[in-house]
Amino acid sequence: MTKRMTRAEKQAQTRSALIDAAQMVFLRDGFDGASVESITAEAGYTRGAFYSNFDSKEQLFVELLQDRIYSYYRRMAERRLADIEHLPTIRETGEELARHQTEPEAGLIFRLFFEVLARAGRSDEMRSLAATFWSGNRDLTAEVARRAFAKSEKEPPADPKLIATAMIALDVGLSIQRYVDPEAVPLEAWPELYDLLFSPHAP
């Protein structure tokens, strides 16, 4: 017998379908050209289903980026927290970040990332939503640094949250430069620069 889905499972399925549809519509039409109606039509749901899961198009937009981009970084940090005794080297972390740049979706979704930042300059709501991109991952990465230094009984050279901020800033900066000028910023830049800037201060 086919097991009937629970209400929570049905809602999760609907939410996932709306996010998948939103990716297609946002990439095709851009943020301004996309509408709740076009997203729900693509997903095969109603406006009611949309507003049962999201407060606004803006919220869905940001959640799409969280799901498609920032979840990768969250999983990286969570793996390190789960095995603090066997952390990869800083260079290996740079290599892992570089590999993410080769994912098929990375370049496409990056176009939407720029739209978020542009709108954040004109909308308090979008600025608040965009802030969630880095806040959770910053906290996780800071906790990795905090535990790593505690394990080594070394004093961190700066507040772990500042260390996490610097590591995120390097990745974002390289990603933006590679997006607009890939020949000038090869994938090798990630491990080289992470090693150069962070390894001397690692625990």
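- Q101 has its side chain out of reach of Y179: every pair of non-hydrogen atoms, C-beta onward, lies at least 4.5 Å apart.
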Can you check side-chain contact (heavy atoms from CB on, under 4.5 Å) on T46 and T40, steps first, answer last?
-> CA-CA 6 Å; T46 64; T40 53; over 6 Å; no

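- What you find for Q11 and N53 is that their closest heavy atoms are CG-OD1, 3.3 Å.
- When all heavy atoms of Y72 and E96 are compared, the closest pair comes out as OH-O, 2.8 Å.
- Atom NZ of K161 sits in a sparse spot, with 12 or fewer heavy atoms from other residues, nucleotides or ligands closer than 6.0 Å.
- With Y73 as the aromatic partner, R138 does not meet the cation-pi criteria of under 6.0 angstrom to the ring centre and within 45 degrees of the ring axis.
- Rounding to the nearest 0.5 angstrom, the gap separating the CH2 atom in W190 from the CG atom in L170 is 8.5 Å.
- A salt bridge does not link E78 with R75: every distance from a Lys NZ or Arg NE/NH1/NH2 to an Asp or Glu carboxylate oxygen is 4.0 Å or more.
- A distance of 14.5 Å separates OH of Y45 from CD1 of I39, quoted to the nearest 0.5 Å.
- M24 and I19 sit in two unconnected hydrophobic clusters of ILVMFWY residues. Membership requires side-chain heavy atoms under 4.5 Å apart, directly or through other members.
- P157 and F149 make their closest contact through CD-CZ, 3.6 Å (heavy atoms, listed as atom of the first residue, atom of the second, distance).
- Using a 4.5 Å heavy-atom cutoff, the side chains of R178 and L187 are in contact.
- T89 places none of its side-chain heavy atoms less than 4.5 Å from the side chain of F198.
- The cluster map of Ile, Leu, Val, Met, Phe, Trp and Tyr, joined by side-chain heavy atoms under 4.5 Å apart, puts L64 and F114 in the same cluster.
- S199 places no side-chain N or O within donor-acceptor distance of the main-chain N or O of L196, the cut-off being under 3.5 Å.
- Although no hydrogens or angles enter the test, the distance criterion places no donor-acceptor pair under 3.5 Å between the side chain of S38 and the main chain of A34.
- Looking only at distances, no side-chain donor or acceptor of S16 sits under 3.5 Å from a matching main-chain atom of Q13.
- Here the closest non-hydrogen pair linking P203 and S152 is CB-OG, 3.3 Å.
- Atom CG of residue L174 and atom CD of residue E192 lie 11.5 Å apart, to the nearest 0.5 angstrom.
- Classified by interplanar angle (parallel below 30°, tilted 30° to 60°, perpendicular above 60°), the ring pair F61/F26 is tilted.
- Between the side chain of K154 and the backbone N or O of A202, at least one donor-acceptor pair lies under 3.5 Å.
- For the residue pair N137 / T141, no side-chain donor-acceptor distance below 3.5 Å is found, with atom types taken as modelled.
- Between the D83 side chain and the R79 main chain, no donor and acceptor come within less than 3.5 Å of each other.
- In this structure, V144 is not a member of the same hydrophobic cluster as L162, with clusters built from ILVMFWY side-chain heavy atoms closer than 4.5 Å.
- Using a 4.5 Å heavy-atom threshold, the side chains of D124 and R127 count as touching.
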Checking side-chain contact (heavy atoms from CB on, under 4.5 Å) for the pair V172/W134: CA distance, chi angles, key distance, verdict?
-> CA-CA 10 Å; V172 171; W134 296 295; 3.7 Å; yes

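- A distance of 9.0 Å separates CZ of F50 from NZ of K57, quoted to the nearest 0.5 Å.
- Proximity of T165 to D159: side-chain heavy atoms (C-beta onward) are nowhere separated by under 4.5 Å.
- Note on V36: it clusters hydrophobically with V62, by side-chain heavy-atom contacts below 4.5 Å among ILVMFWY residues.
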Step by step, would you call H100 with M76 a side-chain contact (heavy atoms from CB on, under 4.5 Å)?
-> CA-CA 11 Å; H100 184 47; M76 279 185 64; over 6 Å; no

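- Within the model, atoms CD1 of I90 and CG of L193 stand 13.0 Å from one another, a figure rounded to the nearest 0.5 Å.
- Annotation for T132 and S135: closest pair CA-OG, 3.5 Å, computed over non-hydrogen atoms.
- At distances below 3.5 Å, not a single donor-acceptor pair connects side-chain atoms of Y194 with backbone N or O atoms of E95.
- I163 is not connected to I84 by any chain of hydrophobic side-chain contacts under 4.5 Å among Ile, Leu, Val, Met, Phe, Trp and Tyr, and they are in different clusters.
- Taking OG of S175 as the reference point, atom CG of L97 lies at 8.0 Å (rounded to 0.5 Å).
- Between P191 and A98, the closest heavy-atom pair is CD-CB, 4.4 Å.
- Annotation: side chain of L140 is not in contact with side chain of R80 (no heavy-atom distance under 4.5 Å).
- The closest side-chain heavy-atom distance from P156 to R146 is not below 4.5 Å.
- Looking only at side-chain heavy atoms (C-beta outward), E58 and R119 come within less than 4.5 Å of each other.
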